[in-house]
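Just so it is clear, the structure is predicted and the values come from calculations on it, not from any experiment. Naming convention: chains lettered A, B, ... in sequence-line order (proteins, then strands); numbering from 1 in each chain.
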Amino acid sequence: MSNQKKNDENRMEQIVALCKRRGFLFQSSEIYGGVNGFWDYGPLGTELKRNVRNAWWEDMVSTHDELSCLENAPKPFAMVGLESSIIMHPQVWKCSGHYDLFHDFMVDCTESKKRYRFDHMRGRWAEAERKTKSEGSDEVTVETVKAFITSMEPGEEVEESITANALKFFGLKSKYRDKINWLSEVLPISSIDNLQEAVAPEATRKGTLTEPREFNLMFKTTLGALGGADDAAFLRPETAQGIFVNFKNVVDSSRVKIPFGIAQIGKSFRNEITPRNFTFRSREFEQMEIEFFCHPDESSQWYEYWRNRRFNWYTSLGIAAEHLILREHHKEELAHYSVGTADIEYAFPFLSEGEYGELEGVAHRGDFDLRSHMEGKLDSDLNVELNEHGQPKHRGSGKDLSYFDDQARERFVPHVIEPSAGADRGTLAFLCEAYQQDEQPDDKGKMQSRTVLKLHPRLAPVKAAIFPLIKKEGMPEVAAKIYHEFREAGISAQYDQQGAIGRRYRRQDEIGTPFCITVDGQTADDQTVTLRDRDTLKQERIPINKVTEEIQSRLGR
RNA sequence: GCGGGUGUAGCUCAGUGGUAGAGCGCCACGUUGCCAACGUGGCUGUCGAGGGUUCGAAUCCCUUCACCCGCUCCA
């Protein structure tokens, strides 16, 4: 393990400790021992996450001007909001593909302790002589063994990989590969009746695989108090489908014209097998998603536009561009109808150097989603998937979700660009980026380490703290007056008269408060207070009657 | 789900079978008065949870939960 990674691990531990100590994040149900994959936001964390959500909503929706063309945008466009329900008609998830995809079957190898996706495992029947030495004697028995030799190798390399595994299993050198008698072509493992005949990819003997077990990644619940099996419903695993199923409602009710976007912030739920890395992978999480609907011919331009705009959003709120990457998915990773998908990823401290974790995916989804809800679940070739009777496997709504452009006299199913961000991941990234330890002189000029959250002022949970320098000579009253004024003006502020002034500054540094205002001996003489900056520690004197105004202007964008 | 590690005060940790501790923090009072000050006093624990062994368990054993690391997974 590199030193870099060790430092980063300590750094992550320190961030987690700070989050708990100062009330940003707690483990859910902690007094009962906690639940894996669930987190609670404390008083400061709630403010921080709310600020992240608000910044997103303001920047994407409420301050959006559909009459003007934004910088680098192909043309003006409208943005509207939506709040759809968490539980939806079960058919939504069948047509979206989540129902089939989230029912993965997995097998475990009891020898190698590896777990494999059952539907990805392939193999060939083979037969060869195998020498076995019985225990406790030198007697060697030679017997002809038949087995199903498996591999997880995708694509064309599977055959070579199976051969290598077979040589290992039969104890043969590669020059004797002719001794293996192949009894079948490459087959999916689901084609064999008895898993005891299979040799797992990293096993040395047969029959180490467990029976396939289902991992349902969607949380299941029941509609109605007496609901039976037919009343099964699911907590949504993404917010996007709530937008697609309301596409027609929005078009019919809000006078929006294509191109336009529908934005939504809301909770989603995935029963992750391994929640890990603080709030990065949680089972309950919040998404901030836009589904942007446009003409198919313009979709590539819009994809470029959203990809770049969303990347810049993170840097505009203080994440250094060198800690972010815009990772374009390879062509092989893409569904073939998609022009592109890009992940905006952040160098989280819990990852190794050079590794990044996803904050947001920007995907070109073509007309896949709307058509699936019209016609039924589509396969990767955009054909409706059929069952054994030649009927749609999952029937769509049958409703027409196409759009009619009455100026061009053209009807089409819009293409979709989907910038889908994780609110909790974003919040965590802003916290990680802001966390810094620096050295500042104490009252004797000796350097002391300081923990500071250099949060962007828009995101800081507390915008300003107001202190009386000492607890007498009328200073607390003046400070309290400023505090009241701030609260009335809607500025999130704290009042603190406890302890030495230096300690109070450091307390605020640790929670990322950008500005501290101190009422001192001079205040009574000339009606000024000091304004101290979190990052530079510089102080300047501001007239007391201008202080609210001054803070508001410094918080402005 | 597997393997390894960890779990003691708000935080960081000491405590290997015999009365639960330290530092930091927090609170009060006094002094000082612009960057983690000093003095005095105070607060905080079902030792992660449940069970067992024992005269006696934070300590030994079993089960379980959570966190960290490595696998696995990640539409």
Side-chain angles (χ1 to χ4, degrees), chain A residues 1 5-6 9-10 12-14 16-23 26-39 42 93 96-104 106-117 120 152 202 210 213 215 217-218 237-238 240-241 268 270-278 280-281 283 333 335 341 343 350 352 357-358 361 363 365 420 439-452 467-473 475 498-510 516-522 529-530 532-534 537-539:
Chain A
M1 192 185 290
K5 169 127 194 202
K6 267 189 186 150
E9 267 169 26
N10 290 339
M12 196 61 214
E13 277 168 31
Q14 287 164 5
V16 173
L18 173 76
C19 283
K20 187 174 178 197
R21 189 168 70 242
R22 292 301 190 184
F26 307 121
Q27 206 182 346
S28 169
S29 319
E30 195 190 271
I31 62 167
Y32 286 105
V35 213
N36 196 354
F38 297 93
W39 299 91
W93 308 114
S96 71
H98 289 89
Y99 183 84
D100 291 343
L101 263 167
F102 275 26
H103 283 68
D104 292 342
M106 308 289 292
V107 286
D108 291 317
C109 172
T110 53
E111 183 184 331
S112 66
K113 305 297 179 198
K114 299 269 184 189
R115 167 175 295 171
Y116 306 100
R117 263 184 76 163
H120 285 184
M152 292 297 287
E202 284 157 89
T210 61
R213 283 176 294 179
F215 287 79
L217 263 47
M218 280 199 289
E238 64 170 34
Q241 299 304 322
S268 292
R270 288 179 203 177
N271 210 351
E272 299 284 354
I273 297 166
T274 315
R276 197 57 74 87
N277 292 328
F278 205 27
F280 183 77
R281 178 167 297 136
R283 287 176 165 151
E333 289 179 81
T341 293
D343 285 346
F350 51 76
S352 303
E358 183 185 343
R365 301 188 54 86
S420 169
E439 298 250 308
Q440 298 296 348
D442 64 12
D443 60 337
K444 294 171 192 69
K446 208 175 119 195
M447 296 309 274
Q448 300 283 352
S449 83
R450 173 179 83 137
T451 300
V452 54
F467 311 140
L469 185 60
I470 55 173
K471 266 191 277 187
K472 54 190 176 190
E473 294 166 27
M475 294 180 202
Q498 209 61 259
I501 189 72
R503 176 182 299 275
R504 283 180 267 165
Y505 285 140
R506 297 301 168 88
R507 277 191 199 125
Q508 295 299 328
D509 290 340
E510 213 177 59
C516 291
I517 286 138
T518 304
V519 173
D520 59 13
Q522 199 182 321
V529 293
T530 65
R532 178 256 198 190
D533 181 275
R534 175 194 68 200
L537 277 72
K538 293 242 165 57
Q539 292 187 58

Considering only atom [atom1], compute the distance from [N] to [M] and round it to an integer number of Å.
| N | M | atom1 | value |
| --- | --- | --- | --- |
| U32(B) | A66(B) | C1' | 46 Å |
| C62(B) | U19(B) | P | 26 Å |
| C47(B) | G10(B) | P | 12 Å |
| G41(B) | G23(B) | P | 13 Å |
| C68(B) | C24(B) | C1' | 24 Å |
| G50(B) | A9(B) | P | 16 Å |
| C27(B) | C69(B) | C1' | 39 Å |
| G21(B) | G56(B) | P | 22 Å |

From [options], nucleotide with atom closest to [X] side chain:
| X | options | answer |
| --- | --- | --- |
| Thr530(A) | C67(B), G33(B), C34(B) | C34(B) |
| Ile501(A) | C34(B), G33(B), C69(B) | C34(B) |
| Glu510(A) | C34(B), A36(B), C11(B) | A36(B) |
| Thr518(A) | C67(B), C34(B), C69(B) | C34(B) |
| Gln539(A) | C67(B), G10(B), C34(B) | C34(B) |
| Thr451(A) | A36(B), C34(B), G33(B) | A36(B) |
| Arg506(A) | C35(B), G33(B), A37(B) | C35(B) |

Provide the closest heavy-atom pair for [X] versus [Y] in the form atom of the first, atom of the second, distance.
| X | Y | result |
| --- | --- | --- |
| Asp343(A) | Gly361(A) | OD1-CA, 3.6 Å |
| Cys516(A) | Tyr505(A) | CB-CE2, 3.6 Å |
| Met475(A) | Val519(A) | SD-O, 3.6 Å |
| Val35(A) | Gln27(A) | N-NE2, 4.2 Å |
| His98(A) | Pro237(A) | CD2-CG, 3.7 Å |

Query raised in the report: Hey, mind stepping through Glu510(A) and Arg450(A) against side chain to side chain contact (heavy atoms under 4.5 Å, CB included) and telling me if it holds?
Result: CA-CA 8 Å; Glu510(A) 213 177 59; Arg450(A) 173 179 83 137; over 6 Å; no
Requested in this report: For Gly34(A) and for Arg21(A), locate the closest nucleotide of RNA chain B by heavy-atom distance; then report the residue assigned to the nucleotide nearer the 5' terminus.
Outcome: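 With Gly34(A) and Arg21(A) compared, the 5'-side residue is Arg21(A).
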Requested in this report: Assign each of Gly499(A) and Ala17(A) to its nearest nucleotide of RNA chain B by heavy atoms, then name whichever residue's nucleotide is nearer the 5' end.
Outcome: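 Result: Ala17(A).
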Base-pairing assignment for [N] (Watson-Crick or G-U wobble, both under 3.5 Å):
| N | result |
| --- | --- |
| G1(B) | C71(B) |
| G39(B) | C29(B) |
| U6(B) | A66(B) |
| U46(B) | none |
| G17(B) | none |

Would you mind reading off the distance between [X] atom [atom1] and [N] atom [atom2], rounded to a whole angstrom?
| X | N | atom1 | atom2 | answer |
| --- | --- | --- | --- | --- |
| Glu473(A) | G33(B) | CD | P | 10 Å |
| Glu13(A) | U12(B) | CD | P | 9 Å |
| Gln14(A) | G10(B) | CD | P | 21 Å |
| Met12(A) | C67(B) | CE | P | 13 Å |
| Met475(A) | U32(B) | CE | P | 13 Å |
| Asp520(A) | C35(B) | CG | C1' | 14 Å |
| Tyr505(A) | A36(B) | OH | P | 11 Å |
| Arg283(A) | A66(B) | CZ | C1' | 12 Å |

**Report entry** Chi angles and distances behind the side chain to side chain contact (heavy atoms under 4.5 Å, CB included) call for Arg532(A), Thr518(A)
**Finding:** CA-CA 8 Å; Arg532(A) 178 256 198 190; Thr518(A) 304; 5.8 Å; no
For nucleotides 5-9 of chain B, list the nitrogen or oxygen atoms of the protein found under 3.5 Å from its nitrogen or oxygen atoms, one pair per line.
none

Polar atom pairs (N or O), protein with nucleotides 25-27 of chain B, under 3.5 Å:
| from | atom 1 | to | atom 2 | distance (Å) |
| --- | --- | --- | --- | --- |
| G25(B) | OP1 | Arg503(A) | NH1 | 3.0 |
| G25(B) | OP1 | Arg503(A) | NH2 | 3.0 |
| C26(B) | OP1 | Arg507(A) | NE | 2.9 |
| C26(B) | OP1 | Arg507(A) | NH2 | 2.9 |
| C26(B) | OP2 | Arg503(A) | NH1 | 3.3 |

Once you apply a heavy-atom cut-off of 4.0 Å, does [X] come out as touching a base, just sugar-phosphate, or nothing?
| X | value |
| --- | --- |
| Gly37(A) | sugar-phosphate |
| Phe278(A) | sugar-phosphate |
| Asp509(A) | nothing |
| Gln27(A) | sugar-phosphate |

**Report entry** Side chain proximity check, Arg22(A) to Thr451(A), heavy atoms < 4.5 angstrom
**Finding:**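 Side chain of Arg22(A) against side chain of Thr451(A), heavy atoms only: no contact under 4.5 Å found.
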Query raised in the report: Heavy atoms, side chains only, cut-off 4.5 Å: are Phe350(A) and Phe280(A) in contact?
Result: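 Yes, their side chains come closer than 4.5 Å.
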Query - Trace of the side chain to side chain contact (heavy atoms under 4.5 Å, CB included) decision for Ser29(A) with Phe38(A) - result: CA-CA 9 Å; Ser29(A) 319; Phe38(A) 297 93; over 6 Å; no
Requested in this report: I would like to know whether Gln241(A) and Ser96(A) meet side chain to side chain donor-acceptor pair (under 3.5 Å); could you show each step before the answer?
Outcome: CA-CA 7 Å; Gln241(A) 299 304 322; Ser96(A) 71; 4.5 Å; no
**Report entry** Listed partners of Arg507(A) passing salt bridge (charged side-chain N to carboxylate O under 4.0 Å, His left out), at least two apart
**Finding:**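 Expected list: Asp496(A).
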Query raised in the report: Is any side-chain N or O of Lys20(A) closer than 4.0 Å to OP1 or OP2 of C11(B)?
Result: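 For Lys20(A), the contact criterion (side-chain N or O under 4.0 Å from OP1 or OP2 of C11(B)) is met.
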Query - side-chain N/O Asn277(A) vs C69(B) OP1/OP2, d < 4.0 Å - result: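 So the side chain of Asn277(A) is within the cut-off, an N or O lying under 4.0 Å from OP1 or OP2 of C69(B).
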Query raised in the report: Where the side chain of Arg503(A) meets the backbone of Gln498(A), is there a donor-acceptor pair that is under 3.5 Å apart?
Result: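 Absent.
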